[in-house]
Chemist: 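Please see the structure below; I have some questions.
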Amino acid sequence: SPAQEYHDEL
Amino acid sequence: MNIFRLAGDMTHLASVLVLLLKIHTIKSCSGVSLKTQELYALVFATRYLDIFVTYVSFYNTVMKLIFLGSSFSIVWYIRRHRVVRRSYDKDQDTFRHLFLLLPCLVLALVINEKFTFKEVMWTFSIYLEAVAILPQLVLLQRTRNIDNLTGQYVFLLGAYRALYILNWIYRYFTEEHYVHWITWIAGIIQTLLYADFFYYYFQSWKNSVKLELPA
């Protein structure tokens with residue numbers, strides 16, 4: 001989901 | 001992962017280690033804002049809520065554990081350590097948590113990408129991280145007595161933010177659909193907060209004099 005993809009950053 | 005992101009993470013890691021090392025070896029936390037450290041502990045706790053649920057990579061999990069562990073250790077040292085806590089500038093470190101916490105919480109409830117508990121907490125952590133350095137900057141300005149390690153700590157934190165912006169620019173051009181206004185705006189504001197500090201840091205470095213912020 002688009003809301004998830006930037007959660008790969010710290 | 002691109003080079004800017006990696007360099008940013010390593011700078012972030014270095015900043016935390018510099019601070020922890022200072023406190024652990026010198027047994028002093030003078031010039032360090034407990035308020036800022038508590039806010040960072042909360043930032044990591046709310047951002048990494050799903051640390052054992054959502055797996056991104058081994059690297060991510062290890063780094064998250066390090067950031068959680070180090071931030072809570074620093075808070076523990078300043079509040080509980082028999083020797084360290086005596087060096088805490090309590091009377092100078094008067095910034096109110098609530099002034100930052102409340103607006104960030106309200107903003108996260110209103111402006112987020114998805115209205116779920118996890119996502120709102122994540123957004124809250126992004127907003128809070130953007131302003132969590134403020135008590136530390138205020139303390140630096142008040143005490144005027146900035147030791148090298150505290151100066152390096154703040155410098156490394158600022159560098160980490162600047163590198164993350166380069167990382168976003170890189171990702172924007174190399175990945176599809178990579179547009180994240182919330183993170184970007186919060187991140188840019190966060191980096192701008194260091195602009196003043198950076199200016200005086202480089203001045204003192206250029207002229208090889210002790211770092212001192214104007215009152």
Side-chain angles (χ1 to χ4, degrees), chain A, chain B residues 1-2 4-6 8-13 16 43-44 47-51 53-57 59-68 112-116 118-123 125-126 129 160-161 163-165 167-168 170-172 175-184 186-187:
Chain A
S1 75
Q4 285 301 315
E5 74 181 19
Y6 55 87
H7 287 221
D8 64 353
E9 289 179 351
L10 301 162
Chain B
M1 186 161 59
N2 61 69
F4 304 111
R5 157 82 194 277
L6 182 65
D9 285 348
M10 290 305 118
T11 326
H12 194 186
L13 186 64
V16 177
V43 163
F44 293 130
R47 185 172 309 168
Y48 303 153
L49 277 179
D50 62 343
I51 180 170
V53 184
T54 314
Y55 181 79
V56 178
S57 65
Y59 170 85
N60 265 41
T61 306
V62 171
M63 290 294 273
K64 285 173 180 175
L65 286 171
I66 293 175
F67 287 136
L68 279 168
N112 53 63
E113 287 207 18
K114 207 164 56 174
F115 195 73
T116 61
K118 210 183 89 182
E119 192 63 19
V120 170
M121 284 293 104
W122 185 88
T123 314
S125 84
I126 294 291
E129 189 191 351
Y160 140 64
R161 291 318 309 183
L163 285 162
Y164 252 66
I165 291 181
N167 156 52
W168 295 330
Y170 181 89
R171 292 187 74 170
Y172 177 78
E175 289 174 36
E176 266 186 276
H177 312 300
Y178 190 75
V179 178
H180 300 299
W181 293 113
I182 291 178
T183 358
W184 292 356

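No hydrogens, no waters, no symmetry mates; every other heavy atom, side chains included, goes into these values. Reminder, nothing fancy here: chain letters follow the sequence lines and each chain counts from 1.
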Chemist: Quick one: side chain to side chain donor-acceptor pair (under 3.5 Å) partners of B/Asp9, sequence neighbours excluded?
Modeler: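 Expected list: B/Arg5, B/Tyr59, B/Tyr164.
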Chemist: Looking only at non-hydrogen atoms, find the nearest pair between A/Glu9 and B/Asn60 and report the distance.
Modeler: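 Heavy atoms of A/Glu9 and B/Asn60 come nearest at N-ND2, 4.5 Å.
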Chemist: Do A/His7 and B/Thr54 have side-chain heavy atoms sitting under 4.5 Å apart?
Modeler: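 No, side chains not in contact.
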Chemist: According to ring-ring contact (aromatic ring centres under 6.0 Å, His included), who are the partners of B/Phe67, at least two apart in sequence or on a separate chain?
Modeler: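 So B/Phe67 forms a ring-ring contact (aromatic ring centres under 6.0 Å, His included) with B/His12, B/Phe44.
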Chemist: Look at atom OH of B/Tyr55 and say whether more than 12 heavy atoms of other residues, nucleotides or ligands are closer to it than 6.0 Å.
Modeler: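 Yes, because the 6.0 Å sphere around OH of B/Tyr55 holds more than 12 heavy atoms from other groups.
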Chemist: Can you tell which part of B/Asn112 gets under 4.5 Å to a heavy atom of chain A, answering side chain, backbone, both or neither?
Modeler: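 Neither the backbone nor the side chain of B/Asn112 comes within 4.5 Å of chain A.
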